[in-house]
*Asks:* 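Quick one: structure below, then a few questions.
Given the structure is predicted, the values throughout are model-derived calculations rather than measurements.
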Amino acid sequence: MSSPLLATGDRIIDPMIALAGCSKRQRILVAGSKSMELMLELHRRGYLLAAASGNCGRPAAQYDVALVDWRRRTLHALEPTIDWLANFLNPSALLVVWVDAQKPAANESLRELVTKRGFIIVRGTVHECGCALLARRSQGYPVQKAA
């Protein structure tokens, strides 16, 4: 029997994987307050290269995809998280950010926040559990080097 926490996470895992087009051979970094639970769910589904933000190692541009569960959190708090995540993502990495359903102005703020950090919005989706956007690194944006 699954807990309500995992059941909620299950509802966003499938749309996030579909939006990013994740393969089981990609290295996936999961961030957000439920990152460990979501990582374990990915492992159960065969995505064995997934890591949670709490156990992802040192930043070395080693991840292909970042899945960020940002429900019930402010967009302002997302800024430092994306800055931190960028060091773990390779130059062709994808970023999926899942948030609660928002007003159009908040969606525009999210898009602006992501693009200011060197990502290009590819597409978005709306789901009963919230909404998400898919972004990829801009080709012209230099990758930050790990110190």
*Asks:* Hey, could you give me the CZ/CG distance between R137 and L94, rounded to the nearest 0.5 Å?
*Replies:*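 The CG atom of L94 is 11.0 Å from CZ of R137, to the nearest 0.5 Å.
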
*Asks:* Quick one: does K24's side chain have a donor or acceptor within less than 3.5 Å of a partner on R45's backbone?
*Replies:*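 Present.
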
*Asks:* Does R44 pair with E41 as a salt bridge, N-O distance under 4.0 Å?
*Replies:* yes

*Asks:* Return yes if some donor-acceptor pair links the side-chain N/O of D69 with the main-chain N/O of K34 below 3.5 Å, else return no.
*Replies:* no

*Asks:* Do any N or O atoms from the side chain of R25 and from the backbone of L49 form a donor-acceptor pair under 3.5 angstrom?
*Replies:*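 Side chain of R25 to backbone of L49, a donor-acceptor pair under 3.5 Å: no, none is there.
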
*Asks:* Using every non-hydrogen atom in the two residues, find where A20 and V65 come nearest and quote the distance to one decimal.
*Replies:* CB-CG1, 4.1 Å

*Asks:* Any side-chain heavy-atom pair from R71 and I12 closer than 4.5 angstrom?
*Replies:* yes

*Asks:* Donor-acceptor pair, distance only, cut-off 3.5 Å: does the side chain of D64 make one with the backbone of Q26?
*Replies:*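 Checking the backbone N and O of Q26 against the side chain of D64, no donor-acceptor pair under 3.5 Å is found.
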
*Asks:* Out of curiosity, S138 OG to I120 CD1, how far, rounded to the nearest 0.5 Å?
*Replies:* 4.0 Å

*Asks:* Before you tell me yes or no, could you show the steps for V68 and I82 under side chain to side chain contact (heavy atoms under 4.5 Å, CB included), namely the whole-Å CA-CA distance, both residues' side-chain angles and the distance that decides it to 0.1 Å?
*Replies:* CA-CA 9 Å; V68 182; I82 291 179; 5.7 Å; no

*Asks:* L67 and side chain to side chain contact (heavy atoms under 4.5 Å, CB included): which single residue from V97, I28, L95, L38 fits?
*Replies:* I28

*Asks:* Could you state the interatomic distance from CG (D100) to CG (L75), rounded to the nearest 0.5 Å?
*Replies:* 9.5 Å

*Asks:* Nearest 0.5 Å, please: how far is OG1 in T125 from CE in M16?
*Replies:*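 Separation between the atoms: 11.5 Å.
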
*Asks:* Excluding sequence neighbours, so at least two apart, what forms ring pair (Phe, Tyr, Trp, His ring centres under 6.0 Å) with F88?
*Replies:*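 Only W84 meet the ring pair (Phe, Tyr, Trp, His ring centres under 6.0 Å) criterion with F88.
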
*Asks:* Ignoring hydrogens, what is the shortest heavy-atom contact between S53 and A31? Give both atom names and the distance.
*Replies:*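 Here S53 and A31 meet closest at OG-CA, 4.0 Å.
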
*Asks:* Does R117 come within less than 4.0 Å of D83, counting only side-chain N to carboxylate O?
*Replies:* yes

*Asks:* Using modelled atom types and a 3.5 Å cut-off, is there a donor and acceptor pairing between side-chain atoms of H43 and backbone atoms of A50?
*Replies:* yes

*Asks:* Please answer: with hydrophobic residues joined when any side-chain heavy atoms are less than 4.5 Å apart, are V122 and L19 in the same cluster?
*Replies:*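 In one cluster with V122: L19, yes.
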
*Asks:* Could you report the tightest heavy-atom contact between R73 and S33, atom names first, then the distance?
*Replies:* NH1-N, 3.6 Å

*Asks:* Nearest heavy-atom pair of Q62 and R27: which atoms, and what distance?
*Replies:* O-CD, 3.4 Å

*Asks:* To the nearest 0.5 angstrom, please state how far the OG1 atom of T81 sits from the CD atom of E79.
*Replies:* 9.5 Å

*Asks:* Check the hydrophobic clustering (I, L, V, M, F, W, Y; side-chain heavy atoms under 4.5 Å; chains of links allowed) and say if V126 and I13 are grouped together.
*Replies:* no

*Asks:* To the nearest 0.5 Å, what is the distance between CD1 on I121 and CZ on R136?
*Replies:*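 Those atoms lie 12.0 Å apart.
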
*Asks:* Using only atom types and a distance under 3.5 Å, with no angle test, would you say the side chain of Y63 pairs donor to acceptor with the backbone of C56?
*Replies:*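 Such a contact is found between Y63 side chain and C56 backbone.
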
*Asks:* Which residues pass the salt bridge (charged side-chain N to carboxylate O under 4.0 Å, His left out) test with E108, sequence neighbours left out?
*Replies:*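 Salt bridge (charged side-chain N to carboxylate O under 4.0 Å, His left out) check on E108 returns nothing, list empty.
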
*Asks:* For a quick test of reading the model, state the closest non-hydrogen atom pair linking W98 to A132 and the distance between them.
*Replies:* CE3-CB, 3.3 Å

